[in-house]
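Since this is a predicted model, take the numbers as computed values, not measurements. Order of the sequence lines fixes the chain letters, A, B, ..., with proteins taken first and strands second; residue numbering starts at 1 for each chain.
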Amino acid sequence: MAVPILVFSVDKTRGSLLLKIIENGGFKAKLFDNSHELEYAVRRRRPSIIVFDTKHYQSREFKIITSLHSRFHDAEIILFADPAEIPSFTSAGIKKDCCFSDPINPDDVTLKIREIHFIKNKAFLRIKTYFVFLAGLFAGTRDNPYIMFMKKIIMAAAVASAIAAGIAGGFIFYNMSDLPKVQMLESYVPFESSFLYTSDGVELAEFYLERRKFVSFYKIPKHVKDAFIAVEDAHFYEHHGIDFFRTSAAFINNIRAGNAVQGGSTITQQLAKMLFLTPEKSISRKIKEAAISMQIESRYKKDEILAFYLNQAYFGARSYGIEAAAQTYFGKKTEDLSVAEAAMLAALPKAPSVYSPFKDPKKAFTRRNLALKSMLDRGFIDTEVYAASIRKPVPEYIYRRKYAAPYFVEYIRNIMEQKFGDRLYTAGFKIYTTLDLNLQRKAERAVTNGAAALARAGMPGVEAALIAVDLNTGAIRAMAGGTNYHKSQFNRATQAMRQTGSVFKPIVYLTAFKNGYSPDDTIDDMAVSYLSKDGSEKWTPHNYTNKFYGRVTLRTALSRSLNAATVALANSIGMDKVIATARSIGVTSNIYPHLPSAIGVSEMTLIELTYAYTTFANGKRFEPMGYEKITDRYNIHVEDNAPKGVQAIDPANVSKMRDVLSAVVTEGTSIAAKSLNRPVFGKTGTTDSYKDAWFIGFDDNLTVGVWVGRDENRPIGEGMSGSHAALPIWINFMKEE
Amino acid sequence: MSDKNEDAKAAAANQKGVIQTDRPKEIEHFGGPIGLDIGTTNIVSARARGASIQITKQLNAFFTVPASKITGMTLLKNDVLYFSQNGSYYIIGNAADTFANTFNTDTRRPVESGLLSAKEDEALNVIQSIIKTLVPPPKNQGELVCYSIPGEPIDTKISVLHHDTILKRTLQDMGYTAIAINEGFAVIMSELAEESYTGIGISMGGGMCNVCFSYLSVPVFSYSIQKGGDYVDTMVGAAVGESATRIKLIKEKELNLLKEPKNKIETSLSIYYEDLLESLILSIQRVITTSESVPRLSKPISVVLSGGTAMPAGVREKFEKLLKANRLPLQFSSVRMAEDPLNTTAKGALQLAIAEEK
């Protein structure tokens, strides 16, 4: 026995008993009944085990025990003591499981000695130990030297396994407890872009958070599906959510490589992660992922799962789903993708930014060709197709469609955002606008050409805006908010608050007609000074020509745009009535309640004045109308926006307005419009120092408003009145109608 | 042997106070360790003789007769062991009983209640003389003799030290190395070898009962109670108006505690036996529960009864029944009688002597 065991007890009987117990366990030990002999013995040979019985030991300080413990760290001290004394020994470093109390339990003593021997003597390394153990088991020997210890080891292992299994089970159960319900997939609604269409169904724009357009499984070509299966999950149609072989192989490869070089997730697992889980890397997430994957597999067909995946995966460049990706990378629909293009897209979801052809074409090319090789290896394509495909270049830039009518699109987007909030970008609405694409193009051309003409005439940097409204429905048919949307997104048709000049004057005349005047009634056009309300200021309106024309008809006063006569008229009927008239025909901007407002010093937008003129045209007031209907992603109507005209001017006064506005064209400031050779009506406007030039008019179909000016509110140029700067644009647009 | 020589021997014996007779021839030829049971009633020696054990015993009693030349001659002629002291012949051993019966009286004992009797002035001489009849001088100095001593009595304040020391010196003076063995432990040594000398051995003698609990041959506790066969005899005798000697005779020859008592003596014997056994078990209970050394055993242990007092039929069964009725912190597998109850202690002492010699 290589482990020296010393037994100490001053009680002869107990000492002998302990000695016998130890000897009976197959060990040799020596008994001491006085501490001097014990000291002598430990000095001669380092002890491995000291069995110390404190019974009847006179010195209750037990310094010998602490001394032995501190000197022989390797030695185990097995102690017999009163239960009350044991804490003091354990606090001094004696192991708690080596402290025993009366009565002496021979089994405990033997077991403890064997345990220590088993470890100290490295008995566990000897095959003999296990043979003895097995022999004892077969023979049914109860006092086999190792059997008790091995039982303890086995019990401990069993308990540890049970605890580990319990913890693992608990952990899995805990993770399962908040598992999302896979049934949610049945009501799966991915983020989908909303689309804007013209009145005749041409796609105008796409609003999205994640650029995604859902594509049905049957519309995805086989070679596209094959590409993804080859790259992401070769055994997709064979496994039940988890590919254990692939997971194990990935695990081993990752260990060899020292980091995660290979993913072991199946397409189903990736779908589970995308739909229900966060991207964190944790055991908890992996367990949930596996559980959800199996649930998905048990509930859905493989083709359904693949369709979910292809519509959900992220391909980079804000493109979600295969349809959006096909559009972004190739400007195509999924159904039109070639094999090489499908392989390129299949190569992306693993790391969209790393393999993006726009960032690193070489890496993307290599990765794409690897995907093609996988397709070839799995028999999805033949060598001919492979050879042809690997030579195809990868895309070089993001395919962006340039949408027409950007100002109008933005105008509608603002309205829709107020209506739907963020759902506009995720809910997949289809918004059918009132825009007429032909008219829009004409509008944009007219505006651009108009500004260009001014630039050629030495007035660069002049902006212009045009809005065309269907006067029978109030629908916006064209809108050009500026000359170049990409240069400036400020929409001068809807957002610019400008002084209106003479285009406001018809409202004064309408007020007069409503108050019993007729176009043939006369008013004085003469120099009259008006005092401000407090009498501190005096204002004398002058005409554009700096002449006064004496007694003139209302028709003449308007057609010549006489300021003095118009102010006199406004003065006679009262500005409050003028303002009330303006409100009744849809003007919403603030109007100063002073006479200068009669000749257009208050600021308004082009759109509100154009709608006001629409009311002049047929007596009905319309709210601006940019869309006709909205449907959801399933083409179910969300909103029908029917024209809602309100009679605001009685027909007699409409006739009077048409009379006077016609005169503007036939005999007044807008005579150039006669070149259109059809009855048109309208009014020019010019503000001080030629800062703003307006023309708003209508024919039988459209009310068209044009504004010309500079964003910084400087003069356009000398003599650039409404008839010189704005009317030509208006005429150009109307010509082309 | 001539008369002259015998006279000379007797004279020498008178002077030295030693045995006046020849010992059995065979004893002289034995060698090796000796086990010696010095009981209240008998002294028994045990020696190994080949595979068997040779038992020799003498009654541990004496009888005095007035010393006279004719008496001395008669005793010598009849091989009666005696010695002369203070004008009396002390007839010792088995012969003492014969003389006592002849004179219709009781023998006297050098040992009372297990210990050297304080009442008898010549107790020491008597016991030494009897021992010498059983233990021959050693062939070699320091041969082992293991002698039994009682456990410390728990019901009186008497110590066994005096008794033990006297015996030890007697044997050492004879040239032996003397080692003492507790009577109860001797029973264990004799009967529980197959159980690794673990169990309880009880020697129920005339003067006392000795109890020992041993674990793996370590006597964890041993003690005696000063109640034994003599107590039963005396108490029954007093109760029924008979001599203790007669009661003893009835007890040894007729008593069966398993049967219904036939008369008042048997009834009284039954009562006092029960009292003795209850005292014994209560003492075991008391000692076990107060001992600081009794280990916690996972297996039940055996109890072995020995000694003349344990021999009447039904004693074992009564004991077992009472043991089961009392709650003890140990579990018992069986209560059994020793194979040879009258010689168990001597055999056990011999076992120890042999073990020590090895």
- Toward chain A, the part of B:Pro219 with a non-hydrogen atom under 4.5 Å: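 Contact with chain A is through the backbone of B:Pro219 alone.
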
- Message: Does any part of the side chain of B:Pro295, heavy atoms only, come nearer than 4.5 Å to the side chain of A:Pro103, both counted from C-beta?
- Response: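 Result no, sub-4.5 Å side-chain heavy-atom pair not found.
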
- Item | Euclidean distance, B:Ser291 OG relative to A:Arg14 CZ, rounded to 0.5 Å |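 A:Arg14 CZ to B:Ser291 OG: 8.5 Å, rounded to 0.5 Å.
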
- To the nearest 0.5 Å, what is the distance between OH (B:Tyr215) and CG (A:Leu18)?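 So the OH of B:Tyr215 and the CG of A:Leu18 are separated by 10.5 Å.
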
- Region of A:Asp11 in contact with chain B, defined by heavy-atom distances below 4.5 Å: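 Only the side chain of A:Asp11 comes within 4.5 Å of chain B.
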
- Message: For A:Ile21, which atoms come within 4.5 Å of any heavy atom of chain B: side chain, backbone, both, or neither?
- Response: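 Both parts, backbone and side chain.
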
- Closest non-hydrogen atom pair between B:Val220 and A:Leu17, with its separation: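 So the minimum-distance heavy-atom pair works out to CG2-CD1, 3.8 Å.
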
- Query: Which pair of non-hydrogen atoms, one from A:Pro106 and one from B:Leu297, has the smallest distance, and what is that distance?
  - Reply: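 Smallest heavy-atom distance, with atoms named: CG-CD2, 4.2 Å.
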
- Task: Among A:Ile104, A:Asp102, A:Asn105, find the residue that satisfies the side-chain contact (heavy atoms from CB on, under 4.5 Å) test when tested with B:Arg296.
- Result: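 When A:Ile104, A:Asp102, A:Asn105 are each tested with B:Arg296, the side-chain contact (heavy atoms from CB on, under 4.5 Å) holds only for A:Asn105.
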
- Task: Take atom CD of B:Glu357 as the centre, draw a 6.0 Å sphere, and report whether it contains more than 12 heavy atoms from other residues, nucleotides or ligands.
- Result: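 Check passes, neighbour count above 12.
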
- Query: Just wondering, more than 12 heavy atoms not from A:Arg71 lying within 6.0 Å of its CZ?
  - Reply: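 Yes, the 6.0 Å shell around CZ holds more than 12 heavy atoms from other groups.
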
